[in-house]
*Asks:* 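A single structure is presented below for examination.
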Amino acid sequence: MLTGQTRFAVDPGPPYDTPRPYGAVFWLRKAPSVSSTVIIGGGISGTAAAWELARHGVNVTLLERGELAGMASGWTLAGVRQSGRHPAELPLAQAAVKRWEHLSEELGADVEYRQGGNLRLALEPDDEATIRQVVADGNAAGIPMTYLAGAAEVHEIAPALNPNLVGASYCATDGHANPQRTVEAFAAAARRSGADIRTGVEVLGIVTDGRRVTGVTTSTGTLPCERVIVAAGVYAPRLLDPLGIHIPFTVVVVPAIQTEAVAPMLGQVLGIPTGGFAGRQQADGRFRLTGSSIPWSATDHTAENVMPTLSQLTATLAWSTRLIPALEKVRATAIWGGLIDKTPDALPVIEATPEVDGLVVATGFSGHGFCLGPITGEILADLAMEGSTRHPIAPFARARLDGASVPEDVTLHG
Ligand SMILES: Cc1cc2nc3c(=O)[nH]c(=O)nc-3n(C[C@H](O)[C@H](O)[C@H](O)COP(=O)(O)OP(=O)(O)OC[C@H]3O[C@@H](n4cnc5c(N)ncnc54)[C@H](O)[C@@H]3O)c2cc1C
């Protein structure tokens, strides 16, 4: 491995122009003198960070214990949404959407991003005030959103929906993408730029010499390095706890159902006020539908213990056919459960840790980290390379959670 060297790299643009001049303008940029960075985790956060680092000439190795997108980044609904975001996350979500709009071009692979909008449905008259507030908050934050009053207005843009809706919030600039393709595209782009991406390698521990990271121990041996990025989703605590870094989150399991492909009928991502159902039609015609979470307490995930309960599936199916009646005759082709890393305030922890130099963490996305992925990658690379970032991440410092415990029913912001 090259370590401690300053070298010049061909860079597809300045680090922070938006949109970046992908593919069209190239110039030489002095690569930072940081090298040998290990990323733990091959989900969207880790692979996006690998791409950012590799294209800036940093020597990076990504280690994934299973397969790429094998956990949350594959289980996800994969909505890409600014509307309804917590104000602290909104700048990241807005920056992410700008990246998503050009991501296929940037990565040289179709990630099936569709900017079809997001509808949060008012189902009962009592929901109207809540949904109107979502619109008012969005508009106040500069997001173009409208309230669609009555089923007729909703049907103008989403004719497949139930005719008895009270109304909906509509954000036309939200969308969705293919999560597997996105992660694979980030990883492939990173590899083309020199990243070493290894699957089936588990990191067993992070090695330090007191205050600094010096390497990682893995299922295939020890790997020395100067920086470690922990993008390990629900398993981040088992890597961080031994270093005295405690992130209080609980893990819940969410049901997901996928259908056979049917003719295009829904361009938007759907949500409901309680957050107990969401759904979308994928670019390939299949529906992906998710429901309410329940606690998950196993220590390691297996094919069986992440499967949803029958009552979770029943409720998700009931919402699906109530909201999209045409789904009644459509076959389900896959069922799975997805684990979510839920913090007390439903916001992530993203920081260069104050306790250990060279250690950068991103976890606790609480069910809405897919949208943020491209920007999370930028932030993680910034923190590893420079120790700081232009993105506003102060609200995501771990210290805010000191002494916090996770309430039974956290209201997710996404
Ligand atoms: C059902 C469901 C629906 C969702 N819907 C949305 C949505 O609509 N929009 C949205 O924005 N977000 C959504 N999310 C959340 C989003 O998917 C996640 O926040 C995001 O994918 C997290 O990405 P990540 O890369 O940080 O973590 P993960 O994708 O979980 O990746 C972590 C990786 O680290 C690996 N790993 C862990 N420990 C080790 C180790 N010791 N050594 C090596 N590798 C290790 C794991 O195997 C895993 O692949 C949803 C999540 C679920 C489960």
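Just so you know, ligand 1 is whichever comes first in the structure, and atom 1 is the first atom listed for that ligand.
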*Asks:* Within a strict 4.5 Å, meaning less than it, do heavy atoms of the Phe277 and Arg322 side chains meet?
*Replies:* no
*Asks:* Find all atoms of ligand 1 within a distance of less than 4.0 Å from any non-hydrogen atom belonging to Gly233, and give their numbers and elements.
*Replies:* 27 (O), 30 (O), 32 (C)
*Asks:* Could you list which atoms of ligand 1 come closer than 4.0 Å to a heavy atom of Phe365?
*Replies:* 19 (O), 26 (O)
*Asks:* Which atoms from ligand 1 have a heavy atom of Leu63 less than 4.0 Å away?
*Replies:* 43 (C), 44 (N)
*Asks:* Below 3.5 angstrom, do we get any N/O pair linking Asp341 and ligand 1?
*Replies:* no
*Asks:* Nearest heavy-atom pair of Pro179 and Thr76: which atoms, and what distance?
*Replies:* CB-CG2, 3.5 Å
*Asks:* Counting heavy atoms only, which of Thr47, Thr76, Leu68, Val230 is nearest atom 17 (O) of ligand 1?
*Replies:* Thr76
*Asks:* Please identify which atoms of ligand 1 are closer than 4.0 Å to at least one heavy atom of Gly338.
*Replies:* 53 (C)
*Asks:* Got the closest protein heavy atom to atom 43 (C) of ligand 1, with its distance?
*Replies:* Arg65 N, 3.2 Å
*Asks:* Counting heavy atoms only, which part of Cys371 comes closer than 4.0 Å to ligand 1: side chain, backbone, both or neither?
*Replies:* both
*Asks:* Strictly below 4.0 Å, N to O, side chains only: are Glu112 and Arg286 in salt-bridge contact?
*Replies:* no
*Asks:* Would Gly66 count as a polar contact of ligand 1, with the cut-off being nitrogen or oxygen pairs under 3.5 Å?
*Replies:* no
*Asks:* Identify, for atom 34 (O) of ligand 1, the protein heavy atom at the shortest distance, and state residue, atom and that distance.
*Replies:* Gly41 CA, 3.1 Å
*Asks:* Can you tell me which residue and heavy atom of the protein come closest to atom 23 (O) of ligand 1, and the distance to 0.1 Å?
*Replies:* Ser73 OG, 3.1 Å
*Asks:* Are Leu239 and Ile245 close enough that some pair of their side-chain heavy atoms sits under 4.5 Å apart?
*Replies:* no
*Asks:* Will you find, in the side chains of Glu378 and Thr389, an N or O donor that is under 3.5 Å from an N or O acceptor?
*Replies:* no
*Asks:* Quick test: of every protein heavy atom, which one is nearest to atom 19 (O) of ligand 1, and how far off is it to 0.1 Å?
*Replies:* Gly369 N, 3.0 Å
*Asks:* Does Gly79, backbone or side chain, put an N or O under 3.5 Å from an N or O of ligand 1?
*Replies:* yes
*Asks:* Can an N or O of Val254 be found at a distance shorter than 3.5 Å from an N or O of ligand 1?
*Replies:* no
*Asks:* Does Leu359 reach the side chain of Leu240, with side-chain heavy atoms less than 4.5 Å apart?
*Replies:* yes
*Asks:* With atom 14 (N) of ligand 1 as the reference point, say which of Gly367, Gly74, Ala93, Ala256 has the nearest heavy atom.
*Replies:* Gly367
*Asks:* Looking at ligand 1, does any of its N/O atoms fall within less than 3.5 Å of an N/O of Glu67?
*Replies:* no
*Asks:* Between Ala72, Gly279, Gly205, which one has a non-hydrogen atom sitting closest to atom 30 (O) of ligand 1?
*Replies:* Ala72
*Asks:* Grab the two heavy atoms, one from Gln180 and one from Ala69, that are nearest each other, plus how far apart they are.
*Replies:* NE2-CB, 3.7 Å
*Asks:* Heavy-atom pairs closer than 4.0 Å: do any link ligand 1 to the side chain of Leu339, the backbone, both, or neither?
*Replies:* backbone
*Asks:* Under 4.0 Å from ligand 1, counting heavy atoms only, is it the side chain of Tyr235, its backbone, both or neither?
*Replies:* side chain
*Asks:* Under a 4.0 Å heavy-atom limit, does Ala278 contact ligand 1 with its side chain, its backbone, both, or neither?
*Replies:* neither
*Asks:* Are any non-hydrogen side-chain atoms of Leu121 and Asn162 less than 4.5 angstrom apart?
*Replies:* no
*Asks:* Tell me, which protein residue and heavy-atom name are nearest atom 35 (C) of ligand 1, and how many Å apart are they?
*Replies:* Glu64 OE1, 3.1 Å
*Asks:* Measure the CD-CG distance between Gln133 and Asp127 for me, rounded to the nearest 0.5 Å.
*Replies:* 14.0 Å
*Asks:* I want to know if ligand 1 touches Ile44 in the polar sense, i.e. an N/O pair below 3.5 angstrom.
*Replies:* yes
*Asks:* Is a salt bridge present between Arg65 and Asp300, judged by a nitrogen-to-oxygen distance below 4.0 Å?
*Replies:* yes
*Asks:* Any heavy atom of Ala78 closer to ligand 1 than 4.0 angstrom?
*Replies:* yes
*Asks:* Take Leu243 and Glu355 through the test side-chain contact (heavy atoms from CB on, under 4.5 Å) and record every step on the way to the result.
*Replies:* CA-CA 9 Å; Leu243 302 174; Glu355 295 87 354; over 6 Å; no
*Asks:* Here's a test for you: under side chain to side chain contact (heavy atoms under 4.5 Å, CB included), which of Leu165, Leu289, Asn164 qualifies with Leu323?
*Replies:* Leu165
*Asks:* Return yes when atom CD of Glu67 has more than 12 non-hydrogen atoms of other residues, nucleotides or ligands closer than 6.0 Å, and no otherwise.
*Replies:* no
*Asks:* Within a distance under 4.0 Å of any heavy atom of Val201, pick out the atoms of ligand 1 and give their elements.
*Replies:* 43 (C)
*Asks:* Any side-chain heavy atom of Ile335 within less than 4.5 Å of one from Pro308?
*Replies:* yes
*Asks:* How far is atom 42 (N) of ligand 1 from its nearest protein heavy atom, and which residue and atom name does that atom have?
*Replies:* Val203 N, 2.9 Å
*Asks:* Can you find an N or O of Thr290 that's nearer than 3.5 Å to an N or O of ligand 1?
*Replies:* no
*Asks:* Residues two or more places apart in sequence or in another chain: which of them pass salt bridge (Lys or Arg N to Asp or Glu O under 4.0 Å) with Glu351?
*Replies:* Arg398
*Asks:* Counting non-hydrogen protein atoms only, what is the nearest one to atom 26 (O) of ligand 1? Give residue, atom name and distance.
*Replies:* Ser45 OG, 2.7 Å
*Asks:* When you measure from atom 32 (C) of ligand 1 to every protein heavy atom, which one gives the shortest distance, and what is it?
*Replies:* Ala231 O, 3.3 Å
*Asks:* So is there a nitrogen or oxygen of Phe370 less than 3.5 Å from a nitrogen or oxygen in ligand 1?
*Replies:* yes
*Asks:* With a 4.5 Å heavy-atom cut-off, do Leu92 and Ile379 have their side chains touching?
*Replies:* yes
*Asks:* My understanding is that only one of Gln94, Gln82, Arg81 makes a side chain to side chain donor-acceptor pair (under 3.5 Å) with Thr173; could you say which?
*Replies:* Gln82
